[in-house]
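Okay, so here's the structure we're looking at.
Counting begins at 1 with the first residue of the sequence.
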Amino acid sequence: MCGIVGIVGKSNVNQALYDGLTVLQHRGQDAAGIVTSHEGRLFLRKDNGLVRDVFQQRHMQRLVGHMGIGHVRYPTAGSSSSAEAQPFYVNSPYGITLAHNGNLTNVEQLAKEIYESDLRHVNTNSDSEVLLNVFAHELAQRGKLQPTEEDVFAAVSQVHQRCIGGYAVVAMITGYGIVGFRDPHGIRPIVFGQRHTDEGVEYMIASESVSLDVLGFTLIRDLAPGEAVYITEDGKLSTRQCASDPHFSPCIFEHVYLARPDSIMDGVSVYKARLRMGEKLAEKILRERPDHDIDVVIPIPDTSRTSALELANHLGVKFREGFVKNRYIGRTFIMPGQAARKKSVRQKLNAIELEFRGKNVMLVDDSIVRGTTCKQIIQMAREAGAKNVYFCSAAPAVRYPNVYGIDMPSAHELIAHNRSTEEVAELIGADWLVYQDLPDLIEAVGGGKVKIEHFDCAVFDGHYVTGDVDEAYLNKIEQARNDATKAKSQAVSAIIDLYNN
(Lines give C-alpha, C1' and ligand atoms only; values in the text may rest on other atoms or scores of the structure.)
Protein backbone atom coordinates (compact mmCIF):
# COMPACT_ATOMS: atom_id res chain seq x y z
CA MET A 1 0.00 0.00 0.00
CA CYS A 2 1.22 3.44 -0.94
CA GLY A 3 -0.31 6.89 -1.32
CA ILE A 4 -0.34 8.95 -4.51
CA VAL A 5 -1.26 12.57 -5.26
CA GLY A 6 -1.29 14.69 -8.41
CA ILE A 7 -2.32 18.34 -8.78
CA VAL A 8 -2.74 20.67 -11.75
CA GLY A 9 -3.13 24.14 -10.24
CA LYS A 10 -3.04 27.81 -11.05
CA SER A 11 -0.18 28.62 -8.67
CA ASN A 12 2.66 26.70 -7.05
CA VAL A 13 1.44 23.28 -5.91
CA ASN A 14 4.36 22.29 -3.66
CA GLN A 15 2.56 23.05 -0.38
CA ALA A 16 -0.66 21.40 -1.53
CA LEU A 17 1.24 18.25 -2.55
CA TYR A 18 3.01 18.22 0.83
CA ASP A 19 -0.27 18.58 2.69
CA GLY A 20 -1.94 15.91 0.54
CA LEU A 21 0.86 13.44 1.26
CA THR A 22 0.74 14.21 4.98
CA VAL A 23 -2.94 13.23 5.01
CA LEU A 24 -1.99 9.98 3.25
CA GLN A 25 0.95 9.25 5.55
CA HIS A 26 -0.91 6.23 6.98
CA ARG A 27 -0.50 4.55 3.58
CA GLY A 28 3.30 4.54 3.76
CA GLN A 29 6.00 5.61 6.19
CA ASP A 30 9.07 4.28 4.42
CA ALA A 31 9.72 7.04 1.88
CA ALA A 32 8.20 10.15 0.34
CA GLY A 33 8.71 12.15 -2.84
CA ILE A 34 7.42 15.13 -4.80
CA VAL A 35 8.19 16.26 -8.33
CA THR A 36 6.95 19.51 -9.90
CA SER A 37 7.10 20.93 -13.42
CA HIS A 38 7.87 24.55 -14.28
CA GLU A 39 8.61 25.97 -17.75
CA GLY A 40 9.59 22.55 -19.08
CA ARG A 41 11.90 21.67 -16.19
CA LEU A 42 11.41 19.14 -13.43
CA PHE A 43 12.17 19.66 -9.75
CA LEU A 44 12.39 16.52 -7.62
CA ARG A 45 12.88 15.72 -3.96
CA LYS A 46 12.53 12.21 -2.54
CA ASP A 47 14.13 10.21 0.25
CA ASN A 48 13.47 7.65 2.96
CA GLY A 49 11.40 8.84 5.90
CA LEU A 50 8.16 10.56 6.81
CA VAL A 51 6.84 13.49 4.79
CA ARG A 52 7.77 15.96 7.52
CA ASP A 53 11.36 14.67 7.57
CA VAL A 54 11.95 14.37 3.83
CA PHE A 55 10.84 17.92 2.97
CA GLN A 56 12.60 20.79 4.69
CA GLN A 57 12.06 24.46 3.84
CA ARG A 58 15.01 24.51 1.43
CA HIS A 59 13.53 21.57 -0.49
CA MET A 60 10.08 23.12 -0.68
CA GLN A 61 11.45 26.38 -2.05
CA ARG A 62 12.98 24.50 -4.98
CA LEU A 63 9.78 22.61 -5.83
CA VAL A 64 8.32 25.32 -8.03
CA GLY A 65 5.60 24.87 -10.62
CA HIS A 66 1.84 24.75 -11.08
CA MET A 67 1.78 20.99 -11.71
CA GLY A 68 3.20 18.06 -9.77
CA ILE A 69 2.80 14.60 -8.32
CA GLY A 70 3.73 13.02 -4.98
CA HIS A 71 4.09 9.64 -3.31
CA VAL A 72 4.37 8.03 0.11
CA ARG A 73 5.73 4.52 0.11
CA TYR A 74 6.12 1.44 2.17
CA PRO A 75 8.01 -1.53 0.78
CA THR A 76 6.44 -4.81 -0.30
CA ALA A 77 8.78 -7.34 -1.88
CA GLY A 78 11.45 -4.70 -2.52
CA SER A 79 14.00 -3.24 -0.18
CA SER A 80 13.90 -0.03 1.81
CA SER A 81 16.64 1.59 -0.23
CA SER A 82 16.16 5.28 -0.96
CA ALA A 83 16.86 4.41 -4.60
CA GLU A 84 13.34 2.98 -4.74
CA ALA A 85 11.61 6.08 -3.38
CA GLN A 86 9.13 7.51 -5.88
CA PRO A 87 8.29 9.29 -8.17
CA PHE A 88 10.44 7.66 -10.86
CA TYR A 89 11.60 9.49 -14.00
CA VAL A 90 12.44 8.69 -17.61
CA ASN A 91 13.62 11.37 -20.02
CA SER A 92 12.07 9.89 -23.16
CA PRO A 93 9.57 10.67 -24.45
CA TYR A 94 8.89 14.21 -23.21
CA GLY A 95 10.17 13.55 -19.69
CA ILE A 96 7.74 11.44 -17.68
CA THR A 97 7.53 10.99 -13.90
CA LEU A 98 5.31 8.38 -12.28
CA ALA A 99 4.07 7.36 -8.83
CA HIS A 100 2.29 4.06 -8.27
CA ASN A 101 0.27 2.25 -5.62
CA GLY A 102 -0.04 -1.49 -6.08
CA ASN A 103 1.90 -4.43 -7.46
CA LEU A 104 2.34 -6.03 -10.87
CA THR A 105 2.12 -9.81 -10.89
CA ASN A 106 3.86 -10.22 -14.27
CA VAL A 107 6.75 -7.88 -13.50
CA GLU A 108 9.47 -10.41 -14.39
CA GLN A 109 8.04 -10.92 -17.86
CA LEU A 110 7.64 -7.17 -18.32
CA ALA A 111 11.20 -6.45 -17.21
CA LYS A 112 12.46 -8.91 -19.79
CA GLU A 113 10.28 -7.37 -22.52
CA ILE A 114 11.44 -3.87 -21.62
CA TYR A 115 15.07 -4.86 -22.01
CA GLU A 116 14.83 -7.14 -25.04
CA SER A 117 12.06 -5.47 -27.08
CA ASP A 118 11.62 -1.92 -25.79
CA LEU A 119 15.41 -1.46 -25.37
CA ARG A 120 14.97 0.23 -22.01
CA HIS A 121 17.02 -0.07 -18.84
CA VAL A 122 15.43 -0.59 -15.42
CA ASN A 123 17.64 0.54 -12.55
CA THR A 124 15.81 -0.73 -9.44
CA ASN A 125 13.81 -3.73 -8.24
CA SER A 126 10.62 -1.68 -8.17
CA ASP A 127 7.71 -2.70 -10.37
CA SER A 128 6.78 1.00 -10.44
CA GLU A 129 9.82 1.71 -12.58
CA VAL A 130 8.81 -1.16 -14.86
CA LEU A 131 5.30 0.26 -15.18
CA LEU A 132 6.74 3.71 -15.96
CA ASN A 133 8.88 2.30 -18.75
CA VAL A 134 5.95 0.41 -20.25
CA PHE A 135 3.85 3.60 -20.27
CA ALA A 136 6.73 5.66 -21.68
CA HIS A 137 7.39 3.13 -24.43
CA GLU A 138 3.74 2.97 -25.46
CA LEU A 139 3.50 6.77 -25.54
CA ALA A 140 6.69 6.94 -27.63
CA GLN A 141 5.18 4.48 -30.09
CA ARG A 142 2.64 7.15 -31.03
CA GLY A 143 5.50 9.09 -32.61
CA LYS A 144 4.15 12.57 -31.85
CA LEU A 145 6.21 15.66 -31.09
CA GLN A 146 3.33 16.91 -28.97
CA PRO A 147 1.12 14.24 -27.35
CA THR A 148 -2.66 14.65 -27.47
CA GLU A 149 -5.20 13.21 -25.07
CA GLU A 150 -5.86 10.50 -27.67
CA ASP A 151 -2.18 9.53 -27.51
CA VAL A 152 -2.22 9.43 -23.71
CA PHE A 153 -5.34 7.27 -23.55
CA ALA A 154 -3.98 4.95 -26.25
CA ALA A 155 -0.80 4.48 -24.21
CA VAL A 156 -2.83 3.67 -21.08
CA SER A 157 -4.82 1.13 -23.09
CA GLN A 158 -1.58 -0.61 -24.02
CA VAL A 159 -0.44 -0.54 -20.40
CA HIS A 160 -3.62 -2.41 -19.49
CA GLN A 161 -2.89 -4.92 -22.25
CA ARG A 162 0.62 -5.58 -20.99
CA CYS A 163 0.46 -5.10 -17.20
CA ILE A 164 -1.32 -7.50 -14.85
CA GLY A 165 -1.99 -6.83 -11.18
CA GLY A 166 -3.42 -4.13 -8.98
CA TYR A 167 -2.33 -0.57 -9.67
CA ALA A 168 -3.39 3.04 -9.28
CA VAL A 169 -1.09 5.50 -11.03
CA VAL A 170 -0.40 9.20 -11.39
CA ALA A 171 2.08 10.24 -14.09
CA MET A 172 3.21 13.68 -15.19
CA ILE A 173 4.20 14.41 -18.77
CA THR A 174 6.51 17.39 -18.57
CA GLY A 175 4.97 20.49 -20.06
CA TYR A 176 1.73 18.75 -21.04
CA GLY A 177 -0.28 17.41 -18.11
CA ILE A 178 -1.00 14.73 -15.53
CA VAL A 179 -2.67 11.38 -16.16
CA GLY A 180 -4.18 9.08 -13.55
CA PHE A 181 -5.35 5.53 -14.23
CA ARG A 182 -6.59 2.41 -12.45
CA ASP A 183 -6.13 -1.28 -13.19
CA PRO A 184 -8.95 -3.11 -15.05
CA HIS A 185 -10.16 -4.74 -11.82
CA GLY A 186 -10.14 -1.51 -9.82
CA ILE A 187 -8.21 -3.25 -7.04
CA ARG A 188 -6.34 -0.21 -5.77
CA PRO A 189 -8.25 3.04 -5.07
CA ILE A 190 -7.92 6.38 -6.86
CA VAL A 191 -10.20 9.44 -6.94
CA PHE A 192 -10.18 12.88 -8.52
CA GLY A 193 -11.75 16.21 -7.68
CA GLN A 194 -11.69 19.96 -8.28
CA ARG A 195 -11.68 23.28 -6.48
CA HIS A 196 -12.46 26.79 -7.70
CA THR A 197 -10.03 29.62 -7.07
CA ASP A 198 -9.86 33.25 -8.19
CA GLU A 199 -7.46 32.16 -10.94
CA GLY A 200 -9.65 29.29 -12.18
CA VAL A 201 -10.36 25.59 -11.60
CA GLU A 202 -7.70 23.33 -10.11
CA TYR A 203 -7.75 19.52 -10.25
CA MET A 204 -6.41 16.86 -7.92
CA ILE A 205 -5.94 13.09 -8.12
CA ALA A 206 -5.32 11.05 -4.96
CA SER A 207 -5.52 7.61 -3.39
CA GLU A 208 -8.25 8.63 -0.93
CA SER A 209 -10.96 11.28 -0.88
CA VAL A 210 -9.82 12.55 2.53
CA SER A 211 -6.76 14.03 0.85
CA LEU A 212 -9.06 16.10 -1.37
CA ASP A 213 -11.27 17.10 1.55
CA VAL A 214 -8.43 18.53 3.62
CA LEU A 215 -7.25 20.69 0.72
CA GLY A 216 -10.71 22.02 -0.08
CA PHE A 217 -11.23 20.00 -3.27
CA THR A 218 -14.65 18.61 -4.08
CA LEU A 219 -14.71 14.92 -4.90
CA ILE A 220 -15.92 14.33 -8.46
CA ARG A 221 -15.76 10.53 -8.30
CA ASP A 222 -13.56 7.46 -8.22
CA LEU A 223 -11.94 6.30 -11.42
CA ALA A 224 -13.70 3.23 -12.74
CA PRO A 225 -11.65 0.05 -13.26
CA GLY A 226 -9.56 0.51 -16.39
CA GLU A 227 -10.42 4.20 -16.65
CA ALA A 228 -7.96 7.08 -17.07
CA VAL A 229 -8.24 10.81 -16.40
CA TYR A 230 -5.99 13.31 -18.20
CA ILE A 231 -5.64 16.91 -17.06
CA THR A 232 -3.66 19.20 -19.35
CA GLU A 233 -1.34 21.83 -17.96
CA ASP A 234 -3.85 24.55 -18.83
CA GLY A 235 -6.63 22.76 -16.93
CA LYS A 236 -8.64 20.76 -19.46
CA LEU A 237 -9.96 17.49 -17.98
CA SER A 238 -10.82 14.37 -20.02
CA THR A 239 -11.65 10.80 -19.01
CA ARG A 240 -11.69 7.59 -21.02
CA GLN A 241 -12.34 3.91 -20.41
CA CYS A 242 -9.06 2.36 -21.56
CA ALA A 243 -9.56 -1.33 -20.74
CA SER A 244 -11.22 -3.70 -23.18
CA ASP A 245 -12.84 -5.92 -20.52
CA PRO A 246 -12.94 -4.33 -17.05
CA HIS A 247 -14.28 -6.27 -14.05
CA PHE A 248 -14.83 -4.35 -10.83
CA SER A 249 -13.23 -6.10 -7.82
CA PRO A 250 -11.88 -3.50 -5.37
CA CYS A 251 -9.70 -4.57 -2.46
CA ILE A 252 -11.93 -5.19 0.55
CA PHE A 253 -8.97 -4.87 2.93
CA GLU A 254 -8.90 -1.13 2.21
CA HIS A 255 -12.09 -0.86 4.26
CA VAL A 256 -10.87 -3.22 6.98
CA TYR A 257 -7.54 -1.55 7.70
CA LEU A 258 -5.76 0.51 5.08
CA ALA A 259 -8.02 3.51 4.46
CA ARG A 260 -8.81 6.36 6.81
CA PRO A 261 -12.35 6.16 8.22
CA ASP A 262 -13.19 9.62 6.85
CA SER A 263 -12.57 8.51 3.26
CA ILE A 264 -15.19 7.58 0.68
CA MET A 265 -14.08 4.71 -1.58
CA ASP A 266 -16.08 3.72 -4.64
CA GLY A 267 -19.05 5.50 -3.14
CA VAL A 268 -18.78 3.63 0.17
CA SER A 269 -18.10 5.43 3.45
CA VAL A 270 -15.22 3.61 5.14
CA TYR A 271 -16.59 4.74 8.50
CA LYS A 272 -20.06 3.30 7.85
CA ALA A 273 -18.56 0.07 6.51
CA ARG A 274 -16.66 -0.36 9.77
CA LEU A 275 -19.79 0.36 11.78
CA ARG A 276 -21.54 -2.42 9.89
CA MET A 277 -18.57 -4.74 10.58
CA GLY A 278 -19.12 -4.21 14.30
CA GLU A 279 -22.82 -4.87 13.92
CA LYS A 280 -22.18 -8.13 12.07
CA LEU A 281 -19.69 -9.24 14.73
CA ALA A 282 -22.23 -8.57 17.48
CA GLU A 283 -24.80 -10.68 15.65
CA LYS A 284 -22.30 -13.55 15.41
CA ILE A 285 -21.42 -13.33 19.09
CA LEU A 286 -25.09 -13.41 20.06
CA ARG A 287 -25.61 -16.46 17.85
CA GLU A 288 -22.65 -18.33 19.30
CA ARG A 289 -22.97 -17.22 22.93
CA PRO A 290 -26.31 -15.58 23.64
CA ASP A 291 -25.48 -15.78 27.35
CA HIS A 292 -21.97 -14.30 27.00
CA ASP A 293 -20.27 -12.83 30.06
CA ILE A 294 -18.46 -9.91 28.38
CA ASP A 295 -18.10 -7.01 30.83
CA VAL A 296 -16.39 -4.49 28.57
CA VAL A 297 -15.42 -4.01 24.92
CA ILE A 298 -12.01 -2.42 24.35
CA PRO A 299 -10.62 -1.50 20.92
CA ILE A 300 -7.00 -1.86 19.93
CA PRO A 301 -6.35 1.63 18.58
CA ASP A 302 -6.92 3.02 16.09
CA THR A 303 -8.46 1.25 13.11
CA SER A 304 -10.76 -1.03 15.10
CA ARG A 305 -12.34 1.71 17.22
CA THR A 306 -15.35 2.25 14.92
CA SER A 307 -16.21 -1.45 14.72
CA ALA A 308 -15.69 -1.94 18.44
CA LEU A 309 -18.04 0.92 19.30
CA GLU A 310 -20.87 -0.52 17.23
CA LEU A 311 -20.15 -4.02 18.57
CA ALA A 312 -20.54 -2.76 22.14
CA ASN A 313 -23.73 -0.88 21.27
CA HIS A 314 -25.38 -3.96 19.78
CA LEU A 315 -24.28 -6.19 22.66
CA GLY A 316 -25.43 -3.67 25.25
CA VAL A 317 -21.96 -3.80 26.85
CA LYS A 318 -19.77 -0.95 28.07
CA PHE A 319 -17.29 0.48 25.56
CA ARG A 320 -14.05 1.69 27.12
CA GLU A 321 -10.68 2.93 25.93
CA GLY A 322 -8.32 0.54 27.67
CA PHE A 323 -5.12 1.31 25.80
CA VAL A 324 -3.27 4.60 25.44
CA LYS A 325 -1.41 4.90 22.17
CA ASN A 326 1.91 6.63 21.64
CA ARG A 327 1.24 8.67 18.49
CA TYR A 328 4.92 8.86 17.64
CA ILE A 329 5.34 5.15 16.93
CA GLY A 330 4.60 3.91 13.41
CA ARG A 331 2.01 1.32 12.40
CA THR A 332 3.41 -2.12 13.29
CA PHE A 333 1.73 -3.81 10.32
CA ILE A 334 3.91 -1.86 7.89
CA MET A 335 7.17 -2.06 9.81
CA PRO A 336 9.70 -3.95 7.70
CA GLY A 337 11.07 -6.53 10.16
CA GLN A 338 9.49 -8.90 12.65
CA ALA A 339 11.98 -7.85 15.32
CA ALA A 340 11.00 -4.20 14.88
CA ARG A 341 7.32 -5.12 15.15
CA LYS A 342 7.85 -7.05 18.38
CA LYS A 343 9.83 -4.25 19.96
CA SER A 344 7.37 -1.52 18.97
CA VAL A 345 4.18 -2.95 20.49
CA ARG A 346 5.11 -2.23 24.10
CA GLN A 347 6.37 1.21 23.11
CA LYS A 348 3.20 1.88 21.15
CA LEU A 349 0.48 0.84 23.63
CA ASN A 350 0.05 1.00 27.38
CA ALA A 351 -2.89 -0.53 29.27
CA ILE A 352 -5.13 1.40 31.69
CA GLU A 353 -5.33 -1.09 34.56
CA LEU A 354 -8.64 0.32 35.82
CA GLU A 355 -10.46 -0.93 32.71
CA PHE A 356 -9.09 -4.49 32.97
CA ARG A 357 -8.88 -5.42 36.62
CA GLY A 358 -11.24 -8.32 37.41
CA LYS A 359 -13.21 -8.04 34.17
CA ASN A 360 -14.05 -10.29 31.23
CA VAL A 361 -12.64 -8.18 28.41
CA MET A 362 -13.46 -8.38 24.71
CA LEU A 363 -10.58 -6.90 22.73
CA VAL A 364 -11.40 -5.84 19.17
CA ASP A 365 -8.87 -5.47 16.35
CA ASP A 366 -9.35 -4.89 12.64
CA SER A 367 -7.58 -8.13 11.67
CA ILE A 368 -5.02 -10.72 12.74
CA VAL A 369 -2.12 -11.15 10.32
CA ARG A 370 1.00 -12.61 11.95
CA GLY A 371 -0.50 -12.78 15.41
CA THR A 372 2.58 -11.30 17.07
CA THR A 373 0.97 -8.00 18.03
CA CYS A 374 -2.31 -9.38 19.36
CA LYS A 375 -0.46 -12.02 21.40
CA GLN A 376 1.49 -9.30 23.19
CA ILE A 377 -1.63 -7.15 23.67
CA ILE A 378 -3.53 -10.09 25.19
CA GLN A 379 -0.63 -10.61 27.58
CA MET A 380 -0.74 -6.91 28.48
CA ALA A 381 -4.46 -7.26 29.27
CA ARG A 382 -3.77 -10.20 31.57
CA GLU A 383 -0.96 -8.33 33.31
CA ALA A 384 -3.42 -5.46 33.85
CA GLY A 385 -5.66 -7.86 35.79
CA ALA A 386 -8.25 -9.09 33.25
CA LYS A 387 -10.14 -12.16 34.44
CA ASN A 388 -10.75 -13.48 30.91
CA VAL A 389 -9.48 -12.06 27.63
CA TYR A 390 -11.63 -12.57 24.55
CA PHE A 391 -10.54 -11.39 21.12
CA CYS A 392 -12.60 -10.24 18.15
CA SER A 393 -11.36 -9.66 14.58
CA ALA A 394 -13.40 -7.35 12.34
CA ALA A 395 -12.00 -9.32 9.39
CA PRO A 396 -12.07 -13.04 8.62
CA ALA A 397 -8.96 -15.17 9.14
CA VAL A 398 -6.09 -13.98 6.92
CA ARG A 399 -4.86 -17.23 5.39
CA TYR A 400 -3.22 -16.23 2.08
CA PRO A 401 -0.62 -13.68 0.95
CA ASN A 402 -1.60 -10.47 -0.81
CA VAL A 403 -0.05 -9.98 -4.24
CA TYR A 404 -1.60 -6.66 -5.24
CA GLY A 405 0.41 -4.20 -3.20
CA ILE A 406 -0.15 -4.99 0.50
CA ASP A 407 2.80 -6.40 2.41
CA MET A 408 1.07 -9.42 3.86
CA PRO A 409 3.84 -11.95 4.31
CA SER A 410 4.34 -15.44 3.02
CA ALA A 411 1.62 -17.95 3.87
CA HIS A 412 3.75 -19.63 6.52
CA GLU A 413 4.10 -16.34 8.42
CA LEU A 414 0.31 -15.92 8.59
CA ILE A 415 -0.88 -17.31 11.91
CA ALA A 416 -4.23 -18.53 10.50
CA HIS A 417 -2.71 -20.37 7.52
CA ASN A 418 -3.74 -24.04 7.80
CA ARG A 419 -4.99 -23.48 11.36
CA SER A 420 -8.43 -23.57 12.92
CA THR A 421 -9.89 -20.71 14.94
CA GLU A 422 -9.32 -22.69 18.14
CA GLU A 423 -5.67 -23.27 17.27
CA VAL A 424 -5.14 -19.56 16.57
CA ALA A 425 -6.85 -18.67 19.87
CA GLU A 426 -4.46 -20.95 21.73
CA LEU A 427 -1.41 -19.51 19.97
CA ILE A 428 -2.30 -15.89 20.73
CA GLY A 429 -3.40 -16.72 24.27
CA ALA A 430 -7.08 -15.75 23.97
CA ASP A 431 -9.79 -17.46 26.02
CA TRP A 432 -12.15 -17.06 23.07
CA LEU A 433 -11.56 -15.87 19.51
CA VAL A 434 -14.24 -14.58 17.13
CA TYR A 435 -13.51 -13.95 13.44
CA GLN A 436 -15.82 -12.04 11.12
CA ASP A 437 -17.43 -14.31 8.52
CA LEU A 438 -16.50 -13.41 4.94
CA PRO A 439 -20.11 -13.10 3.67
CA ASP A 440 -20.77 -10.71 6.57
CA LEU A 441 -17.71 -8.62 5.71
CA ILE A 442 -18.79 -8.43 2.06
CA GLU A 443 -22.27 -7.38 3.14
CA ALA A 444 -20.84 -4.79 5.56
CA VAL A 445 -18.73 -3.13 2.86
CA GLY A 446 -20.81 -3.70 -0.25
CA GLY A 447 -24.30 -3.71 1.18
CA GLY A 448 -24.82 0.01 1.76
CA LYS A 449 -26.45 2.50 -0.58
CA VAL A 450 -23.81 1.79 -3.21
CA LYS A 451 -23.92 -1.92 -4.05
CA ILE A 452 -20.62 -3.64 -4.88
CA GLU A 453 -21.06 -7.26 -5.87
CA HIS A 454 -17.47 -8.48 -6.14
CA PHE A 455 -14.36 -7.74 -4.10
CA ASP A 456 -10.76 -8.84 -4.09
CA CYS A 457 -10.87 -11.06 -0.99
CA ALA A 458 -7.78 -13.11 -1.84
CA VAL A 459 -6.19 -12.83 1.61
CA PHE A 460 -9.27 -14.54 3.05
CA ASP A 461 -10.36 -17.02 0.36
CA GLY A 462 -7.27 -17.51 -1.82
CA HIS A 463 -9.05 -16.39 -5.00
CA TYR A 464 -6.85 -13.98 -6.97
CA VAL A 465 -9.02 -11.92 -9.30
CA THR A 466 -6.39 -11.40 -12.02
CA GLY A 467 -6.35 -15.14 -12.69
CA ASP A 468 -2.58 -15.40 -13.14
CA VAL A 469 -1.48 -16.26 -9.60
CA ASP A 470 -0.52 -19.89 -9.09
CA GLU A 471 1.46 -21.91 -6.56
CA ALA A 472 4.74 -21.21 -8.35
CA TYR A 473 4.16 -17.47 -8.17
CA LEU A 474 3.25 -17.64 -4.48
CA ASN A 475 6.41 -19.62 -3.79
CA LYS A 476 8.45 -16.88 -5.47
CA ILE A 477 6.96 -14.09 -3.42
CA GLU A 478 7.37 -16.17 -0.28
CA GLN A 479 11.09 -16.19 -0.91
CA ALA A 480 11.08 -12.45 -1.56
CA ARG A 481 8.91 -11.53 1.40
CA ASN A 482 10.07 -13.62 4.30
CA ASP A 483 11.54 -11.52 7.04
CA ALA A 484 15.00 -13.07 6.88
CA THR A 485 15.31 -12.09 3.21
CA LYS A 486 14.04 -8.60 3.96
CA ALA A 487 16.49 -8.12 6.81
CA LYS A 488 19.38 -9.11 4.56
CA SER A 489 18.12 -6.85 1.77
CA GLN A 490 17.76 -3.89 4.12
CA ALA A 491 21.27 -4.39 5.50
CA VAL A 492 22.73 -4.39 1.99
CA SER A 493 20.67 -1.32 1.04
CA ALA A 494 21.86 0.53 4.13
CA ILE A 495 25.47 -0.15 3.20
CA ILE A 496 24.86 1.02 -0.38
CA ASP A 497 23.11 4.18 0.82
CA LEU A 498 25.91 4.90 3.27
CA TYR A 499 28.49 4.47 0.51
CA ASN A 500 26.53 6.68 -1.92
CA ASN A 501 26.09 9.43 0.66
Q | salt_bridge(E129, R120) N-O dist < 4.0 Å | A | no
Q: Could you tell me whether a side-chain N or O of S249 sits under 3.5 Å from a main-chain N or O of V465, the two making a donor and an acceptor?
A: no
Q. Would you say the side-chain atoms of R274 pair up with the backbone N or O of H255, donor to acceptor, closer than 3.5 Å?
A. yes
Q: Locate the shortest heavy-atom distance separating D151 from Q146; write the atom from each residue and the value.
A: OD2-O, 4.2 Å
Q) Between the side chains of S238 and E149, is a donor N or O closer than 3.5 angstrom to an acceptor N or O? A) yes
(Q) Using modelled atom types and a 3.5 Å cut-off, is there a donor and acceptor pairing between side-chain atoms of Q86 and backbone atoms of G33? (A) no
Q. Do the side-chain N and O atoms of S304 and Y257 include a donor-acceptor pair separated by under 3.5 angstrom?
A. no
Q | Within-4.5 Å side-chain heavy-atom neighbours: F192 and F217 | A | no
Q. Rounded to the nearest 0.5 Å, how far apart are CG of L17 and NE2 of H71?
A. 13.5 Å
Q: Measure the spacing between NZ of K112 and CG of D118 and express it to the nearest 0.5 Å.
A: 13.5 Å
Q. Looking at side-chain heavy atoms only, is the closest gap between I406 and L258 below 4.5 Å?
A. yes
Q.
Using 0.5 Å steps for rounding, measure from the CE atom of M172 to the CD1 atom of I7.
A. 11.5 Å
(Q) Before you tell me yes or no, could you show the steps for F43 and V35 under side chain to side chain contact (heavy atoms under 4.5 Å, CB included), namely the whole-Å CA-CA distance, both residues' side-chain angles and the distance that decides it to 0.1 Å? (A) CA-CA 5 Å; F43 301 87; V35 61; 5.9 Å; no
Q. About how many Å separate CZ of F88 and CG of L98, when rounded to the nearest 0.5 Å?
A. 9.0 Å
Q. Would you say R162 and E138 make side-chain contact, with heavy atoms under 4.5 Å?
A. yes
Q. Is it true that the side chains of T218 and Q194 contain a donor and an acceptor less than 3.5 Å apart?
A. no
Q) Step by step, would you call R27 with E254 a side chain to side chain contact (heavy atoms under 4.5 Å, CB included)? A) CA-CA 10 Å; R27 298 190 68 86; E254 289 279 354; 2.9 Å; yes
Q) So, R195 and E202, do they make that salt bridge, N to O below 4.0 Å? A) yes
Q: Please tell me if the side chains of L139 and I96 come closer than 4.5 Å, counting only heavy atoms from C-beta onward.
A: yes
Q.
Which residues pass the side chain to side chain donor-acceptor pair (under 3.5 Å) test with R419, not counting sequence neighbours?
A. none
**Q.** Note, I205 side chain near V5 side chain (heavy atom, < 4.5 Å)
**A.** no
Q: Can you see which heavy atom on V398 is nearest to which on L414, and at what distance?
A: O-CB, 3.8 Å
Q.
Quick one about D468 and T105 (side-chain donor to acceptor, distance below 3.5 Å, no hydrogens or angles considered), yes or no?
A. yes
Q: Examine the side chains of Q29 and Q25 and answer whether a donor and an acceptor come within less than 3.5 Å of each other.
A: no
Q) At their closest point, which heavy atom of A228 faces which heavy atom of V179, and how far apart are they? A) CB-CG2, 4.5 Å
Q. Any side-chain donor-acceptor pair under 3.5 Å between T22 and D19?
A. no
Q.
Could you check whether Y94 and Y176 have their ring centres less than 6.0 Å apart?
A. yes
Q.
Tell me whether D234 is salt-bridged to K236, with the criterion being a basic N under 4.0 Å from an acidic carboxylate O.
A. no
**Q.** Ionic contact status for D266 with R182, cut-off 4.0 Å
**A.** yes
(Q) Could you report the tightest heavy-atom contact between L441 and P396, atom names first, then the distance? (A) CD2-CD, 3.4 Å
Q: Could you check if a side-chain atom of E84 sits within less than 4.5 angstrom of a side-chain atom of R73, using non-hydrogen atoms only?
A: yes
Q. Nearest heavy-atom pair of S207 and N101: which atoms, and what distance?
A. OG-ND2, 4.4 Å
Q. Between R260 and D213, is the closest basic N to carboxylate O distance under 4.0 Å?
A. no
Q.
Which heavy atom of I415 sits nearest to which heavy atom of V424, and what is that distance?
A. O-CG2, 3.9 Å
Q) Is the gap between the ring centers of H412 and H417 under 6.0 Å? A) yes
Q) Just by distance, with hydrogens left out, do H160 and Y167 show a side-chain donor and acceptor under 3.5 Å apart? A) yes
